[in-house]
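Working notes for the structure below.
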Amino acid sequence: MISSSLFHRYPSSFVSNQPQCPPHHTLHTRKILNNHSPPASTPTPTHHRREKDENIRDEARLNSKSHNFSAKYVPFNGDPSEKESYSLDEIIYRSSSGGLLDVEHDMSMLKQFSGEYWKALFDSRVGKTTWPYGSGVWSKKEWVLPEIDDDDIVSAFEGNSNLFWAERFGKKFLGMNDLWVKHCGISHTGSFKDLGMTVLVSQVNRLRKMNRPVVGVGCASTGDTSAALSAYCAAAGIPAIVFLPADKISMAQLVQPIANGAFVLSLDTDFDGCMKLIREVTAELPIYLANSLNSLRLEGQKTAAIEILQQFDWEVPDWVIVPGGNLGNIYAFYKGFKMCRELGLVDSIPRLVCAQAANANPLYLHYKSGWDEFKPVKANATFASAIQIGDPVSIDRAVYALKNCNGIVVEASEEELMDAMAQADSTGMFICPHTGVALTALNKLRAKGVIKPTDRTVVVSTAHGLKFTQAKIDYHSNDIKDMACQFANPPVTVRAEFGAVMDLLMKHLNKGS
Ligand SMILES: Cc1ncc(COP(=O)(O)O)c(C=O)c1O
Ligand SMILES: N[C@@H](CCOP(=O)(O)O)C(=O)O
């Protein structure tokens, strides 16, 4: 039996999947929340414990309400007068003309509530354990996948990642006082992919419950997509199949899908080759495609942009810098910011910078050519191995996003990205090489004066540094061909004797003074 006291544990607007209070109440609600005192209707806290057969899903089921929010697939950047659209319950990745798809929300329904209303609602859900809103993604459920039943959601309470004030790095290396790193990689599987994968796997869970023929979910990967897919599928008991380019991903990334029980294929090709194969295979077999070609993924990823605004108390930063590979994420950020502007939460959007490794730089070349004809490249090896991609599936999305926010594309050489990573680490971070690519872009734009010392700037950190320890070991061992490794900090071997240790320490301490 579900205890009736559960109904009284939260104000109803915190637990319902429909906004409850009318817009004119929201300013009041917000003020209350900001003052950290409970809304008047909150009962005195009790030390409630659930009965054996109760859980947070049951609570969500009891509290769910009907609503009129909806979303559908439409051709990406299509002609609005064309009527082509598909239910999100269809298994489809391309429009009738072969172009990309986008998830389009019924904005007229969302606009029935004011910007102030949405801010108060989203703010009220942060940091709770209420299913599914405790997740940073599902706390924005009405804007993500409004029609999914809470019961079908597969979530690890992802999102709500740290927006880190890079105080020392900003001051020491860039003369900046308002520099932030959005640590999307401090996450369930160690990358931002969790944000999109919770949405995609939840939808697959729904489709399978509807008896749709989905025998498994598959992706091509440079390591992070496969890790996220495998974890969320394992949590839901859904078979995962991953195509990996042999010897091109880190050990830590490789072991993730193996440990989570996915069927792992190591293929003698690069990521672009794996991507081509998974597209062919998913066209033949009832395996659902989990790469960002599937626009559902981007609905989850866009919440990182909304979260950044929320973390700045809905003030808009000047710049957001995102490392780009298959190029879904740069569009996801744009879409998140744009929705906040359209729905009245903010009145402008930041300028976006997409940062690429020079060894895998098709977007950069396209940008430099003045957006002339796009040409895929053969991506060369890079320490930023997760963005070693030469033929990005979301090229059109990225170009659209950058053109619409006065965006910039910057490239980083191997030495630049590794030095930037080492410098960031020396100020207490432990970032991945892809974040080093983004920091290089920042260095270059600061040096040119494009980004000003006081500009509020966010660098998106996309994966956890612990996935890329070998790159750091190579750098700090001074063991990289043609690289000075100028910030290497190798361990010093010394005899285990007091005198030898003291001599060494004295030398070291004198050097510092
Ligand atoms: C760690 C990391 N950073 C950046 C990216 C680039 O994201 P996107 O492919 O959406 O451009 C990826 C994946 O491609 C990644 O795994
Ligand atoms: N870096 C990605 C590459 C695939 O990108 P996706 O967003 O299209 O899945 C990875 O980790 O596999």
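Nothing fancy with the numbering, it's 1 onward along the sequence. Just follow the structure's listing: the first ligand is 1, and inside any ligand the first atom is 1. Just so it is clear, the values below take in all heavy atoms, side chains as well, and ignore hydrogens, waters and symmetry mates.
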(message) Within the 4.0 Å heavy-atom shell around N326, which atoms of ligand 2 are there?
(response) 4 (C), 5 (O), 6 (P), 8 (O)
(request) Could you tell me if any non-hydrogen atom of A386 lies under 4.0 Å from any atom of ligand 2? (result) yes
(request) Report yes if the distance between the aromatic ring centroids of F122 and W143 is under 6.0 Å, otherwise no. (result) yes
(message) Checking salt bridge (Lys or Arg N to Asp or Glu O under 4.0 Å) between D102 and each of R94, R397, K335, which is the one that passes?
(response) K335
(request) Report, as yes or no, whether the 6.0 Å neighbourhood of atom NZ on K444 holds more than 12 heavy atoms from other residues, nucleotides or ligands. (result) yes
(request) Check each of N294, L327, L293, D224 against atom 11 (O) of ligand 2 and report the one with the nearest heavy atom. (result) D224
(request) Looking only at protein heavy atoms, identify the closest one to atom 5 (C) of ligand 1 and say how far it is in Å. (result) I387 CG2, 3.4 Å
(message) Could you identify the single nearest non-hydrogen protein atom to atom 1 (C) of ligand 1 and state the distance to 0.1 Å?
(response) D224 OD2, 3.1 Å
(request) Would you confirm whether the ring centroid of F76 sits within less than 6.0 angstrom of the ring centroid of Y400? (result) yes
(request) Just need the protein heavy atom nearest to atom 12 (C) of ligand 1, so name the residue and atom and give the distance. (result) F192 CE2, 3.7 Å
(request) Report yes if some heavy atom in the side chain of V242 is under 4.5 Å from a heavy atom in the side chain of S230; otherwise report no. (result) yes
(message) Check for me whether K472 meets the cation-pi criterion with F430, that is, NZ or CZ under 6.0 Å from the six-membered ring centre and within 45 degrees of the ring axis.
(response) yes
(request) Would you please determine whether M275 falls within less than 4.0 Å of ligand 2 on a heavy-atom basis? (result) no
(request) With side chain to side chain donor-acceptor pair (under 3.5 Å) as the test, would you mind laying out the steps for T382 and E414 before giving the verdict? (result) CA-CA 7 Å; T382 166; E414 291 301 292; 2.7 Å; yes
(request) Look at atom 8 (P) of ligand 1 and say which protein heavy atom is nearest, naming residue and atom and giving the distance to 0.1 Å. (result) L327 N, 3.4 Å
(message) Evaluate I389 for polar contact with ligand 1, using N/O atom pairs at a separation under 3.5 Å.
(response) no
(message) Surrounding CD of E284 (heavy atoms of other residues, nucleotides or ligands, distance under 6.0 Å), is the total greater than 12?
(response) no
(request) Measure from the ring center of W138 to the ring center of F157 and say whether it is less than 6.0 Å. (result) no
(request) May I ask you to identify the nearest protein heavy atom to atom 2 (C) of ligand 1, giving residue, atom name and distance to one decimal place in Å? (result) T462 OG1, 3.4 Å
(request) Specify the protein heavy atom at minimum distance from atom 9 (O) of ligand 1: its residue, its atom name, and the distance to 0.1 Å. (result) N326 N, 2.7 Å
(request) For atom 13 (C) of ligand 1, find the nearest protein heavy atom and state the residue, atom name and distance (0.1 Å precision). (result) K193 NZ, 3.0 Å
(request) Name the closest protein heavy atom to atom 10 (O) of ligand 1, giving the residue it belongs to and the distance to 0.1 Å. (result) N329 N, 2.8 Å
